[in-house]
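Values below: all heavy atoms of this structure, side chains included; hydrogens, waters and symmetry mates excluded.
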Amino acid sequence: MARFAAQSQYLRIYTSGGSDHHLWQNFYVNQTVTLSSKSYRYFPFMWGGVGESSAIGEQTVELTLPATSLVISAFEDAFASKHLCELITYEFDYRINIDLPILNQTEIGRFTGFVSSMSGSLTELSVELG
């Protein structure tokens with residue numbers, strides 16, 4: 001049986017008090033998506049680690065993003081101020097109209113952590129959350 005699954009991912013950088021600093025999603029290109037009454041702007045990123053498995057415990061997640069001034073500033077601030085980073089992945093059937101977010105997406109992964117390290121190049125920033 002063929003599986004017609006696509007994934008949309010959401011990144012939230014916020015204070016422990018709940019004040020949002022950055023809300024990004026990486027699926028709906030050039031669109032702002034409202035999810036749980038928060039507006040996520042499009043920004044390309046990838047994440048791996050515990051988000052790719054069912055492992056639990058003291059795990060980490062690796063984020064890879066373009067090394068733009070916005071991204072570098074966002075994660076330098078998050079590291080210095082101990083802002084929380086929440087990543088959520090949803091899965092859905094891509095045969096349904098995907099021009100807008102689908103209401104019946106299934107959450108398949110969630111991770112919340114602090115920036116524990118960063119490295120990069122002229123074009124890419126790697127961020128580890130733990």
Side-chain angles (χ1 to χ4, degrees):
M1 175 184 285
R3 184 165 181 215
F4 301 98
Q7 293 181 356
S8 57
Q9 299 172 334
Y10 297 82
L11 169 61
R12 177 182 176 215
I13 302 173
Y14 64 104
T15 66
S16 59
S19 177
D20 295 326
H21 286 264
H22 298 280
L23 299 166
W24 295 323
Q25 55 87 17
N26 71 351
F27 186 83
Y28 300 97
V29 178
N30 296 325
Q31 293 187 47
T32 298
V33 174
T34 300
L35 179 69
S36 300
S37 72
K38 297 186 180 298
S39 296
Y40 291 80
R41 292 182 326 163
Y42 174 75
F43 196 87
F45 65 89
M46 296 183 301
W47 70 299
V50 74
E52 297 173 333
S53 73
S54 59
I56 57 173
E58 297 292 323
Q59 301 293 320
T60 61
V61 163
E62 298 83 33
L63 271 173
T64 305
L65 307 99
T68 65
S69 58
L70 173 66
V71 167
I72 293 168
S73 175
F75 283 100
E76 284 177 342
D77 290 349
F79 180 74
S81 302
K82 297 291 186 203
H83 293 158
L84 293 164
C85 298
E86 177 183 57
L87 291 151
I88 306 170
T89 297
Y90 291 93
E91 186 175 76
F92 54 93
D93 185 335
Y94 69 79
R95 296 172 298 173
I96 301 170
N97 182 1
I98 60 172
D99 292 336
L100 296 172
I102 298 167
L103 298 176
N104 59 349
Q105 297 182 77
T106 302
E107 183 179 316
I108 61 170
R110 180 182 293 256
F111 182 86
T112 303
F114 295 103
V115 175
S116 56
S117 68
M118 293 182 288
S119 62
S121 67
L122 291 173
T123 60
E124 184 176 276
L125 180 68
S126 296
V127 178
E128 184 173 284
L129 305 177

If you round to the nearest 0.5 Å, how far is CG of Leu11 from CG of Leu63? 6.0 Å

Check Trp47 against Leu87 and note the closest heavy-atom contact, atom names and distance. CE3-CD1, 3.6 Å

Show which residues join Tyr14 in its hydrophobic cluster (side-chain heavy-atom contacts under 4.5 Å, direct or indirect), or state none. Leu84, Phe114

Test of understanding: with ring pair (Phe, Tyr, Trp, His ring centres under 6.0 Å), list the residues that count as partners of Phe45, not counting sequence neighbours. none

How about Tyr10 and Tyr40: do any of their side-chain heavy atoms sit closer than 4.5 Å? yes

Output yes when a side-chain donor or acceptor of Gln25 lies under 3.5 Å from a complementary backbone atom of Tyr28, and no otherwise. yes

Side chain to side chain contact (heavy atoms under 4.5 Å, CB included) with Thr106: which residues, sequence neighbours excluded? Ile108

Would Trp24 and Arg41 satisfy side-chain contact (heavy atoms from CB on, under 4.5 Å), going step by step from the backbone distance to the final call? CA-CA 5 Å; Trp24 295 323; Arg41 292 182 326 163; 3.5 Å; yes

Please confirm whether Phe27 and Tyr90 have ring centers closer than 6.0 angstrom. no

Can you tell me how far apart CD (Gln31) and OG (Ser39) are? Round to the nearest 0.5 Å. 12.5 Å

Which pairs would a plain distance check flag for residues 65-81, meaning a side-chain donor or acceptor within less than 3.5 Å of a matching protein atom at least two apart in sequence or in another chain?
unit_1 : atom_1 : unit_2 : atom_2 : d
Thr68  : OG1    : Val71  : N      : 3.2
Ser81  : OG     : Asp77  : O      : 3.3

Quick one, Met118 and Glu128 - any side-chain contact, counting heavy atoms below 4.5 Å? no

Check the orientation of His83 and His21. Use parallel for under 30°, tilted for 30 to 60°, and perpendicular for over 60°. parallel

Quick one: salt bridge (Lys or Arg N to Asp or Glu O under 4.0 Å) pairs with a partner in residues 16-29, sequence neighbours left out? Arg12-Asp20, Asp20-Lys38

Could you work out, with side-chain hydrogen bond (donor to acceptor under 3.5 Å, both in side chains) as the rule, every residue matching Gln7, not counting sequence neighbours? none

Heavy-atom side-chain proximity of Val115 to Cys85 below 4.5 angstrom: yes

How long is the span from the CD1 atom in Ile88 to the OG atom in Ser8, to the nearest 0.5 Å? 9.5 Å

Are Phe111 and Thr89 side-chain neighbours, meaning at least one heavy-atom pair lies under 4.5 Å? no

Output all residues satisfying side chain to side chain contact (heavy atoms under 4.5 Å, CB included) with Glu124, sequence neighbours left out; order by chain, then residue number. Thr64, Ser121, Ser126

